[in-house]
Every structure is written in C-alpha cells, then in structure tokens.
Amino acid sequence: MPVEVKPRFVVLYGSQKGQAQSIAEGIAEEAEQHGLVADLSCLNETTKYNLEQENDPVVFIVSTTGDGEPPDNALQFVKRIKRKTLSTDHYKHLCYALLALGDTNYANFCNCGKTIERRLQDLGAKQFYATGYADDGVGLEVVVDPWLEGLWNAIKGALSKMASDRTAHLKANTEDSAKETPDSSTPDVQINLLSITDHQNCESFGAAVETNSKFACAASSVASVVSDLRPASPAGSTGLASQCHGTASIPTTAPATQAGDAGVPHVVLAASLTCSLPPLSESSLNVPALPPPYLDVSLQEVDTVEQIVGPLNKETLREVPISKAVQLTRGDSVKTAVLLELDIFAYPMMTYQPGDSFDVFCPNRAAEVDNMLSRLGLQDQRNHLVNISLRKDTKKKGAQVPSYVSQNISLLFLLTWCLEIRSVPKKAFLRALVEHTGDSVQRRRLQELCSKQGAADYNLYVRDPSLSVLELLTAFPSCSPPLSLLIEHLPKLQPRPYSAASSCLAHPGKLRFAFNVVEFPACTGRPVGRRGLCTGWLFDLINPSPVFPGTAESSSSPALPKIHVSLRPNCSFRPPSDPSVPFMMVGPGTGVAPFLGFLQQRAEERQKNPEAVFGETWLFFGCRHRDRDYLFREELEGFVSSGTLSHLKVCFSRDDREDEESAAAAPRYVQHNLLLNSQHVTDILLRQNGYLYVCG
C-alpha cells in the first residue's frame with residue numbers, strides 16, 4: 001500500500017512572553033486532526049525553514065513588545081526582510097497568513113505584525129487569509145478564537161489553489177515540450193490532482209481575504225457585551241460557591257434575601273469565580289484540546305545548594321545602588337508616585353538619551369513563593385535541585401526545555417526568579433488543570449472558564465482582575481497540579497520597563513525614573529488587595545526612606561539597596577535632532593516622566609549654545625489634585641521661568657470649582673487643554689512640521 005502523504009504547511013512564530021508561541025504550537029498540534037502536517041519553527045531558527053524556497057502556505061504568529069518592537073526571537077528576521085537590496089518579487093512565490101498579537105494600552109499596537117505584513121507584501125508575497133489583530137487589552141481570544149476557526153479551511157483552500165496552479169504550470173510546460181520535440185515513443189502521462197477538500201472553492205486567494213478584517217474589529221463589540229454581563233456587586237458571593245447547584249436565577253445585583261411562596265427566606269445566588277449560573281451551568285461546553293505534557297521534572301536532594309541572589313544573566317545586567325528616593329505625591333493622594341535615582345557612575349558605558357527606557361529585574365514576592373511551595377506540597381524540598389528534561393513520549397510539536405530555566409538551580413530559585421507566578425492563567429492552562437482536580441464541581445467550573453461558552457466569565461473573573469495562578473489554585477483547593485505543569489505553562493518572569501526621567505547632561509552618572517505603585521483591589525478570588533509585583537517590590541525596598549518634595553534629606557537615612565537593570569535604547573522616542581523644530585508633549589500623571597529628560601536636555605543645550613535658535617516647547621500635564629499629585633511642579637515651573645518650556649498647560653480633574661461658571665470653563669483633562677489650544681497645535685504640526693509626543 002502506498003503511504004499517504006499529508007498536505008504540509010509552515011508555522012513560524014515570534015514571541016516575547018510565550019503567548020504567540022503557545023498559539024503557534026496549538027496550530028501545529030491541531031493540524032493532524034485536519035489531515036495536515038505543520039512544520040513549526042521560531043523565526044530565529046533560520047536553519048529549520050527557508051522562505052526563499054517555500055512553496056507551501058506559511059502562517060505567521062507574532063507578538064509586539066516594548067514600544068512596538070519585535071520580540072527578541074524575531075528581531076533578526078525583521079531586520080533581514082527590511083533590507084533595501086531585496087527585489088519587489090523576492091517573495092512572489094510565497095503564500096501567507098498572519099496573526100498579530102498586541103495591546104491597545106500601549107503605543108504602536110501590533111506593530112511587529114504590521115511591519116512583517118507590510119514588508120511581505122512589498123516583496124510580492126500573497127495573502128491567503130485575513131490578518132487577525134488580537135488585543136490583549138480586551139482579551140486575545142476575542143480575535144484569536146474566530147481567526148483559528150477559519151484558518152483551517154483557508155489553509156486547505158490555499159493548498160488546493162497552489163497545487164492547481166502547479167499542475168496547470170506543469171501541464172503547460174509539458175504541452176510546450178511536446179510541440180517542440182514530438183516523439184511517438186514518449187509515454188502518455190496523465191496527472192490526476194488529488195482533492196484536498198471536498199467542494200472547496202479555490203478560485204483565488206482573494207476569496208479568503210477581507211479588506212476590513214472582521215477579526216480586528218470584533219474586540220470592541222465583544223468587550224461591550226462582557227461589560228454588560230458584569231454583576232453590579234460580586235462582593236460576598238465567594239462564600240456561596242459550595243452551595244451553587246445551577247438552579248437559581250441570574251441576579252443583576254449582589255446576593256439578596258427574598259421571601260418565597262411559603263414566607264421562608266431564601267438566598268438568590270450570584271455567580272463568582274468558583275460558581276456559575278444558568279444558562280452556562282447547564283450548557284454543553286466546547287473546551288480546548290488538552291495540551292500534551294512534554295516535560296519530565298524531578299527534584300534532587302543535595303548536601304549544599306549555592307545561594308544565588310538576583311537573576312542569572314548577570315553578564316547583560318548592571319547591579320546599581322539606589323541613591324535617592326522621593327515620594328512625589330501627598331500621603332492622602334489616590335495613587336502613590338515615587339521618584340528613584342540610580343547611581344550608574346561605576347558604569348561609564350551605561351549612557352542613555354532622553355526618551356530611552358530601561359528594564360528593572362525584580363523577583364517574585366517571598367511570601368507568594370512560600371505559598372506556592374505550600375500549595376504544591378513542596379515546602380520541604382525548596383532547596384532541592386530541579387532536573388528538567390523532555391518526555392520521550394511527548395506529542396507536542398517542537399517541544400523544548402524552556403531556555404529561561406537554567407540547570408543546577410534550586411526549586412526556590414526557579415519560583416523566585418524564573419517563572420511569572422503572578423501571570424494570569426491562560427485557557428490552555430485551565431484546561432490542563434482540569435485533569436488534576438478531584439472535586440467534580442470544581443472540575444466543571446474550570447471547564448466552563450476555559451470553554452467557548454464561558455468566555456465572558458473568564459474575562460470577568462480571571463483576566464480583568466488579573467487573577468494570578470496562585471490565587472486561582474487557592475480558589476480551587478482540590479486542584480493539585482504537578483510542578484512540571486507549572487513549568488510548561490507559566491511564562492518567563494519578565495523585567496519591567498521604565499522610562500528615564502532624567503538627562504545624562506543634567507545628571508551625569510545618574511539615572512532617574514518615576515512610577516505609580518500599582519494596586520490590585522480585592523475581588524472574588526482575591527480576598528485582600530495586592531500591589532504590583534515590581535512597583536510594590538521597589539516601594540518596599542525604599543521604605544521607610546523616601547522623602548517628600550521640599551523635605552530635607554536626613555544624613556542618618558539608612559543606605560538604600562541595589563537593583564539589577566539593563567538599558568533598552570529607543571531610537572524612535574527622542575526629541576527632534578534639529579533644536580529649532582518645535583514640539584509638544586502630552587504627559588498626564590507619571591506619563592510626564594520622559595519629558596523631564598527632554599526638558600533637562602534642552603536646558604543644558606540652551607546654556608551651552610545661547611546663540612542657537614530653539615523651537616517652541618509645549619507640555620500638557622494633568623492629574624487629580626493640584627496640591628496632592630502635581631508631579632515635578634517646582635521643576636516644571638522652573639523650566640517655564642528659564643524659558644526652556646514655552647508653554648505649560650495643566651489641569652486637575654478632581655479639584656472642586658468655586659462656582660459653576662469657572663467649573664464650566666476650566667479644563668478637566670489634557671484633551672480639553674489640547675482643544676482649547678487647537679489652533680496652536682495645528683499650526684505647529686501642520687505648518688511648522690513640528691512633533692507631538694504622548695506618554696501615558
């Protein structure tokens with residue numbers, strides 16, 4: 001019997017935090033169910049694929065990181081395809097589809113995906129399926145799920161079309177050859193094309209491509225539906241989870257006591273993280289396929305274990321001391337803003353420009369690591385070495401041991417510096433947890449949360465409140481996952497980027513940055529609120545040392561600790577190279593931070609070149625209260641007095657207005673000030689070819 005050769009396609013991914021990689025791996029694993037074979041590679045694995053000679057469909061899954069930059073493992077690919085020496089027909093043979101992941105809370109949404117797509121088209125590649133732009137700001141699954149559903153028919157259609165084109169080309173060549181060299185001895189060969197899909201319409205690639213992708217616009221409509229499903233107050237519902245049997249009606253408020261027909265009070269139950277209500281609790285569910293396990297993990301007891309402090313990749317990091325800490329907001333402010341100054345004098349090569357950012361490497365909180373060890377039943381093995389290898393029987397395509405998990409590290413180090421235990425569990429992880437959950441009610445609820453039907457509940461109780469893996473495991477006590485499952489599904493602990501709030505010219509040997517201490521409120525699944533991982537860690541490091549603006553620093557203040565950082569040069573967010581060009585800056589709250597560097601640099605340049613021509617500078621700043629959180633007030637007003645800053649436009653959204661007339665006239669938000677100065681804005685941007693910078 002001849003061996004059946006399944007049609008083939010290629011999956012390439014670029015991923016920073018593992019989400020794009022996970023989606024790509026899911027496509028490769030599901031391919032077999034559709035009678036296809038997928039060749040999976042990371043974009044930096046150039047020895048595994050060759051687009052210059054690829055004749056089968058190619059699917060790109062790419063994320064965006066930083067300020068619209070490619071992931072680290074896609075950077076070289078992007079540089080390669082952007083070479084100007086490539087001809088416009090370089091990829092004319094290539095047939096592709098692309099899914100871009102991004103977050104509309106950040107600048108340059110899906111920029112990496114858009115860059116790759118634009119360049120592929122410039123080089124002659126053909127699109128066989130509409131590009132999806134998934135937004136992590138509203139939930140990637142809003143776009144990803146329907147995009148994946150339609151992908152398979154599109155791939156089959158592309159394969160059929162490409163095979164048909166090759167057959168027609170071969171037939172034309174055969175006929176031309178027969179006309180040129182007629183030979184009665186040549187056997188008559190008939191080529192029969194095997195149909196890949198039944199009744200598949202393969203007239204053109206364009207049939208699958210919509211100019212306005214339905215995937216890109218689905219997010220907003222679904223987000224509004226999700227918001228409409230929110231209960232008015234989920235507080236107090238967690239205690240009812242064990243009594244929830246799916247027979248109560250859906251409430252629109254918090255649980256309430258009502259009188260039944262017999263006058264006996266009964267409780268109307270509310271949905272929560274651990275409890276669902278009809279129709280979801282009575283629905284048949286479409287759950288994701290079970291992700292195949294691929295790691296073998298064992299713990300090895302050793303006599304002594306090296307106590308490693310800080311991240312492992314120290315060759316690319318700098319350990320620098322905190323030289324100053326200032327609390328920028330008043331104690332009664334809604335948010336706590338802090339300015340930190342780092343002493344980088346010991347690293348003369350560590351230079352930066354205004355607009356640059358840098359990474360801060362922080363550990364997971366010790367208390368949360370201890371809780372995770374206890375939850376896994378591994379508290380007594382915290383100092384054991386972790387041995388990780390690939391399972392020989394794994395069915396996972398392209399399986400590999402995570403590169404960010406080094407050899408010869410302890411379990412304590414793994415959970416402290418390697419894995420993002422604060423990460424929001426993805427649906428694939430929830431699906432895997434089902435297999436390790438003993439209680440049937442809890443198993444069903446986990447299935448609901450990862451199902452297509454439970455998308456709204458997943459957003460409401462898991463994604464929107466940024467519920468962590470540990471918080472989820474605490475809410476489902478009968479779930480006991482093995483350590484290997486966490487290593488397979490938890491992403492790398494990422495450094496946190498911050499904008500430089502200073503200029504090397506004004507503060508040589510120093511690097512300043514400002515941040516708000518992030519607060520996550522209590523919710524169902526999180527009985528007590530918590531601080532952001534990095535901002536909370538930094539705030540704890542400097543307490544009780546921070547001083548307030550205008551307060552003299554004490555000579556007896558304790559020495560501040562050191563932190564690990566690395567620079568992230570950014571060539572796009574910089575002041576104009578020509579000082580005569582005017583520019584406007586919009587920076588509400590801590591968004592003003594990078595513009596401190598802009599203005600400090602401008603002040604130094606004006607002092608060194610008093611005869612030079614400098615363009616106008618505008619800053620639009622806003623906060624809640626003038627007397628509580630007007631950040632860098634003295635420094636900004638000083639820039640105005642010196643002429644460095646031409647116009648400072650401020651607004652305060654929560655300050656009381658003395659009378660209705662002034663309240664109506666006073667701008668409340670930065671956009672109101674922009675509108676009031678619209679003529680100046682349009683003049684600078686359109687007539688003077690100026691620049692506008694926005695930092696949130």
Side-chain angles (χ1 to χ4, degrees), residues 323-324 326 328 339-345 348 350-358 498-514 549-550 567 569-623 630-651 670 673-674 676-677 679-695:
S323 55
K324 182 188 290 185
V326 179
L328 300 172
L339 173 74
L340 292 188
E341 181 182 82
L342 306 179
D343 186 348
I344 60 174
F345 186 78
M350 197 173 173
T351 59
Y352 63 95
Q353 297 294 323
D356 281 351
S357 57
F358 63 98
Y498 294 92
S499 296
S502 55
S503 161
C504 280
L505 293 181
H507 301 281
K510 304 293 184 182
L511 171 61
R512 293 180 171 184
F513 66 104
L567 285 179
N570 179 352
C571 297
S572 60
F573 199 82
R574 296 269 175 85
S577 55
D578 182 354
S580 66
V581 174
F583 62 91
M584 294 180 152
M585 301 163 284
V586 182
T590 53
V592 75
F595 303 130
L596 268 293
F598 279 41
L599 294 170
Q600 290 171 10
Q601 186 98 342
R602 172 59 63 93
E604 294 294 320
E605 291 170 346
R606 281 167 52 89
Q607 189 172 358
K608 291 180 180 178
N609 303 289
E611 304 301 322
V613 177
F614 291 91
E616 271 190 300
T617 53
W618 290 66
L619 175 63
F620 295 87
F621 174 79
C623 60
Y630 187 169
L631 309 184
F632 305 105
R633 177 177 181 176
E634 291 183 6
E635 189 169 1
L636 293 176
E637 292 176 348
F639 287 134
V640 175
S641 300
S642 68
T644 300
L645 180 58
S646 310
H647 305 277
L648 174 61
K649 302 297 180 181
V650 297
C651 54
V670 289
N673 258 332
L674 284 166
L676 287 173
N677 294 275
Q679 286 188 329
H680 297 290
V681 174
T682 54
D683 180 68
I684 285 178
L685 296 181
L686 302 181
R687 294 186 180 88
Q688 301 184 49
N689 295 319
Y691 289 77
L692 177 70
Y693 300 88
V694 181
C695 183

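Everything numeric in this text was worked out from a predicted model, so none of it was measured.
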Is Asp356 salt-bridged to Arg574, cutoff N-O under 4.0 Å?
yes
Just checking, is any N or O donor in the side chain of Gln601 or Ser503 under 3.5 Å from an acceptor N or O on the other one?
yes
What heavy-atom pair brings Pro594 and Thr590 nearest, and what distance separates the two atoms?
CD-O, 4.4 Å
Looking only at non-hydrogen atoms, find the nearest pair between Gln679 and Thr682 and report the distance.
O-OG1, 3.0 Å
Between Phe598 and Phe573, is there a side-chain heavy-atom distance shorter than 4.5 Å?
yes
State whether the number of non-hydrogen atoms from other residues, nucleotides or ligands found under 6.0 Å of Gln607 atom CD is greater than 12.
no
N-O pairing of Arg633 and Glu637 below 4.0 Å:
yes
Is the closest side-chain heavy-atom distance between Tyr352 and Phe358 below 4.5 Å?
no
Does OH belonging to Tyr691 count more than 12 external heavy atoms closer than 6.0 Å?
no
Side-chain contact test, heavy atoms from C-beta onward, threshold under 4.5 Å: evaluate it for Leu674 versus Val681 and give yes or no.
yes
Hey, is the main chain of Thr644 close enough, under 3.5 Å, to the side chain of Thr617 for a donor-acceptor pair?
yes
Should Pro576 and Tyr693 count as side-chain neighbours, where that means a heavy-atom distance under 4.5 Å?
yes
May I have the step-by-step check of side chain to side chain contact (heavy atoms under 4.5 Å, CB included) for Asn673 and His647, ending in yes or no?
CA-CA 12 Å; Asn673 258 332; His647 305 277; over 6 Å; no
Hey, could you give me the CD1/SG distance between Ile344 and Cys504, rounded to the nearest 0.5 Å?
5.5 Å
Once rounded to the nearest 0.5 Å, what's the spacing between atom NE2 of His680 and atom CG of Leu685?
13.0 Å
Kindly determine whether Leu692 and Val586 satisfy side chain to side chain contact (heavy atoms under 4.5 Å, CB included), including the steps that lead there.
CA-CA 8 Å; Leu692 177 70; Val586 182; 3.9 Å; yes
To the nearest 0.5 Å, how far apart are CZ in Arg512 and OG in Ser323?
8.0 Å
Do the non-hydrogen side-chain atoms of Phe639 and Leu619 ever get within less than 4.5 Å of each other?
no
Atom pair OG/CG of Ser502 and Leu511 - distance to nearest 0.5 Å:
5.0 Å
Note: Pro354 and Pro575 closest approach over all heavy atoms is O-CD, 3.8 Å
Close side-chain approach of Leu340 and Tyr498, heavy atoms under 4.5 Å:
no
Heavy-atom closest pair (Asn689 atom, Val581 atom, distance to 0.1 Å) is O-CG1, 3.8 Å
Go through Leu631 and Leu339 one step at a time and tell me if the side chain to side chain contact (heavy atoms under 4.5 Å, CB included) criterion holds.
CA-CA 10 Å; Leu631 309 184; Leu339 173 74; over 6 Å; no
Any side-chain heavy-atom pair from Cys651 and Val670 closer than 4.5 angstrom?
yes
Pairwise distance CZ(Phe583) to CD(Glu616) - rounded to 0.5 angstrom
11.0 Å
Side-chain contact, heavy-atom cut-off 4.5 Å: Ser357 with Phe513?
no
In Å, rounded to the nearest 0.5 Å, how long is the span from CD of Glu605 to CG of Leu505?
7.0 Å
How about Phe621 and Phe632: are their ring centroids closer than 6.0 Å?
no
Keeping the roles fixed (side chain from Asp683, backbone from Gln688), state whether a donor-acceptor pair exists under 3.5 Å.
no
